[in-house]
Amino acid sequence: MRALLAVPWIYDLSQFAMRGTGYRRRLADRHIRARAGDRVLDVGCGTAAILGCLPEVTYVGLDMSEEYLRACRRHWGSRGEFHRKELTGTTADVFGEFDIILALGLVHHLDDEQAKNLFAIARRTLRPGGRMSTRDGVLAPQQSPLVRTLLRWDRGQHVRDEPAYRALAESASLKVTSHAANDIFRIPYDVLIMECVA
């Protein structure tokens, strides 16, 4: 299954089947709130589908899958820059500061040390008052057995509860606002959206 999801069009199709496309607009409008001219860094951008919901921003997408990046370049052309890189201190120095950093569906793929490192680098890379937006599956009290099963099947092996996600972001001295939602996908699924302000 994981090998199949590495194929960009299969990944996009699976995302559409589970989530539809409306959730991206909701996420962009309510939580990302990018303005024209903002510099946006999308870490683990995948096929950069969120770009279709953003205004005219300066967009830099980072991903480790060359297949996903080829799909980004074909679909988005000059609307963004796409690089096969991880976000490291060196990478951050090369690209400069950003108004918004996105890590959508990324943090639950990282262990605690990797996640703390991500938030620390993001904190350093954000302009004063800039913010990082994350969205990940979340464990919640009284969660249905179906949702728990779906979270266990997720490709990310580090799904956490809300306090654990918040603690990771707060370890980088980010001011965190979090919002749990279970109604943004077509299938039953609990997610946590965090806005982390520098």
Can Glu162 and Ser178 be counted as having a side-chain donor-acceptor contact under 3.5 angstrom? yes

With sequence neighbours left out, the residues meeting side chain to side chain contact (heavy atoms under 4.5 Å, CB included) with Asp93 are Arg124

Other residues, nucleotides and ligands only: do more than 12 of their heavy atoms fall within 6.0 Å of CZ on Arg127? yes

Arg73 meets the side-chain hydrogen bond (donor to acceptor under 3.5 Å, both in side chains) criterion, sequence neighbours left out, with Glu66

Closest heavy-atom pair, Thr125 versus Ala92, reported as atoms and distance to 0.1 Å, is OG1-CB, 3.2 Å

Note to self: Treating Arg123 as the side-chain partner and Leu174 as the backbone partner, does any N or O pair qualify as donor plus acceptor under 3.5 Å?
What the structure shows: no

Between Met132 and the options Leu118, Val43, Val176, the side chain to side chain contact (heavy atoms under 4.5 Å, CB included) test singles out Leu118

Donor-acceptor pair, Asn182 side chain versus Tyr189 backbone, under 3.5 Å? no

Within a strict 4.5 Å, meaning less than it, do heavy atoms of the Glu195 and Arg33 side chains meet?
yes

Residue set satisfying side-chain hydrogen bond (donor to acceptor under 3.5 Å, both in side chains) with Arg160, at least two apart, ordered chain then number -> Asp112

His75 meets the side-chain hydrogen bond (donor to acceptor under 3.5 Å, both in side chains) criterion, sequence neighbours left out, with none

With sequence neighbours left out, the residues meeting side chain to side chain contact (heavy atoms under 4.5 Å, CB included) with Asp29 are Arg25

Residues passing the side-chain hydrogen bond (donor to acceptor under 3.5 Å, both in side chains) test with Tyr165, sequence neighbours excluded, are none

Under 6.0 Å between ring centres: does that hold for Tyr59 and Phe82? yes

Of all heavy-atom pairs linking Ile100 and Leu102, the shortest is CG2-CD2, 3.7 Å

- Honestly curious: do Ile121 and Phe95 fall in one hydrophobic cluster under the side-chain, below-4.5 Å linking rule? yes

Legend entry - Output field: ring centroids His31/His179 closer than 6.0 Å: yes

